[in-house]
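Below, each value reflects all heavy atoms present in this structure, side chains not excepted, and no hydrogens, waters or symmetry copies. Small disclaimer: the values here were computed from a predicted structure and weren't measured.
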Amino acid sequence: VHRLDKDTSGVMVVAKNEPARLDLARQFEVHSVAKTYQALIKGQLTPESGIIEAPIGRDPRNRKRMAVVTEGRPARTQYDVVCYIDNYTLLEVRTETGRTHQIRVHLAAIGYPVVGDTTYGTKSDLLSRQFLHACRLGFTLPSNGKYVEFISDLPSDLAKALETLNRD
């Protein structure tokens with residue numbers, strides 16, 4: 001029904017049948033699905049809560065990347081600081097829109113790239129991939145209209161990266 005960026009972990013929804021797929025796809029299209037991510041960024045982001053609202057489209061200098069561009073599609077990302085660890089910030093991020101690479105593009109655009117994101121930031125000694133995890137997904141069940149939420153704990157590689165930072 002939807003996708004996660006390459007090297008992003010977390011919860012996804014899969015439909016059991018075509019009517020359910022169509023209903024769920026519509027929920028994503030109208031942005032009624034609640035999507036929450038955990039992201040570790042380089043630097044100490046302030047303020048502790050905020051909204052990044054900037055249009056996203058193809059990067060005119062590199063067609064394989066996305067970028068904040070004036071002719072892009074509207075995109076809105078909310079964030080809250082979970083904690084500061086040395087010169088890093090662990091964030092909880094919610095997307096109101098679902099643009100390609102939205103979280104990674106928005107955070108890099110304000111100067112705080114996701115740790116380990118080699119497309120919009122730099123390689124990290126902590127991880128072999130970016131620290132971006134879809135931790136919560138909420139939507140209305142097509143079968144009965146009941147709202148449900150599913151949670152995915154941090155995978156071991158991301159948890160270990162946090163432990164390493166806390167230890168240092």
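Q38 and C135 make their closest contact through CG-SG, 3.8 Å (heavy atoms, listed as atom of the first residue, atom of the second, distance). In terms of heavy atoms, A15 sits closest to L24 at CB-CD1, 4.2 Å. Here the closest non-hydrogen pair linking A20 and N17 is N-OD1, 2.8 Å. The shortest non-hydrogen separation linking S152 to A134 is CB-O, 3.8 Å. The nearest pair of heavy atoms linking G98 to K35 is CA-NZ, 3.8 Å. Closest approach of P60 to V69, counting heavy atoms only: CD-CG1, 3.9 Å.
With sequence neighbours excluded, no residue satisfies side chain to side chain donor-acceptor pair (under 3.5 Å) with S32. Not counting sequence neighbours, the partners of H2 by the ring-ring contact (aromatic ring centres under 6.0 Å, His included) test are F28. Under the ring-ring contact (aromatic ring centres under 6.0 Å, His included) criterion, F139 pairs with F150, not counting sequence neighbours.
In this structure, the separation between OH on Y79 and OH on Y112 is 8.0 Å, given to the nearest 0.5 Å. Distance check: Q102 CD to T95 OG1 gives 5.5 Å after rounding to the nearest 0.5 Å. Interatomic distance, CG of L132 versus CG of L158, reported as 9.0 Å (0.5 Å rounding). Atom OG1 of residue T140 and atom CG of residue D23 lie 8.0 Å apart, to the nearest 0.5 angstrom. In this structure, OG1 in T77 is found 10.0 Å from CZ in R99, a value given to the nearest 0.5 Å. Within the model, atoms OG of S9 and CG of L4 stand 8.0 Å from one another, a figure rounded to the nearest 0.5 Å.
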Working note: L154 + F131, criterion side-chain contact (heavy atoms from CB on, under 4.5 Å); need CA distance, chi angles, decisive distance, verdict. CA-CA 10 Å; L154 273 182; F131 194 118; 4.2 Å; yes
Under the side-chain contact (heavy atoms from CB on, under 4.5 Å) rule, what do V81 and T46 come out as? Steps first, then yes or no, please. CA-CA 8 Å; V81 170; T46 57; over 6 Å; no
Step by step, would you call T36 with E92 a side-chain contact (heavy atoms from CB on, under 4.5 Å)? CA-CA 7 Å; T36 306; E92 187 169 273; 3.3 Å; yes
Determine, stepwise, if the pair T97 / H31 fulfils side-chain contact (heavy atoms from CB on, under 4.5 Å). CA-CA 6 Å; T97 51; H31 311 296; 4.2 Å; yes
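Two residues are said to be in side-chain contact when any heavy atoms from C-beta on lie closer than 4.5 Å; P113 and I41 fail this criterion. In this structure, L107 and I52 have side chains that are in contact, with non-hydrogen atoms separated by less than 4.5 Å. Side-chain atoms of L137 and V33, non-hydrogen and from C-beta on, do get closer than 4.5 Å to each other.
Judged by distance alone, with hydrogens and angles left aside, the side-chain atoms of N166 form a donor-acceptor pair with the main-chain N or O of L162 at under 3.5 Å.
No hydrogens or angles considered: nothing links the side chains of S124 and R129 as a donor-acceptor pair under 3.5 Å.
For the pair R26 and E29, the salt-bridge criterion is not met [side-chain N within less than 4.0 Å of a carboxylate O]. The pair K123-D125 does not count as a salt bridge, with every side-chain nitrogen at least 4.0 angstrom from each carboxylate oxygen. Salt bridge E96/R94: absent, no basic N to carboxylate O contact under 4.0 Å.
Using a 4.5 Å cut-off between side-chain heavy atoms of Ile, Leu, Val, Met, Phe, Trp and Tyr, with links allowed through other members, V148 and V11 fall into the same hydrophobic cluster. Linking Ile, Leu, Val, Met, Phe, Trp and Tyr whenever their side-chain heavy atoms come within less than 4.5 Å leaves M12 and I151 in two separate clusters.
None of Q130, R104, R3, H101 except one satisfies the side-chain hydrogen bond (donor to acceptor under 3.5 Å, both in side chains) rule with T8; the exception is Q130.
Here side-chain hydrogen bond (donor to acceptor under 3.5 Å, both in side chains) pairs that include residues 61-74, with residues two or more places apart or in two chains, are D59-R65.
Residue I56 is found in a hydrophobic cluster whose other members, listed by chain and number, are M66, V68, V105, Y120; membership requires side-chain heavy atoms under 4.5 Å apart, directly or through intermediates.
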Donor-acceptor pairs under 3.5 angstrom involving side-chain atoms of residues 84-91: please list them, not counting sequence neighbours.
unit_1: Y84; atom_1: OH; unit_2: L45; atom_2: O; d: 2.7
unit_1: T89; atom_1: OG1; unit_2: G43; atom_2: O; d: 2.6
unit_1: T89; atom_1: OG1; unit_2: L45; atom_2: N; d: 3.2

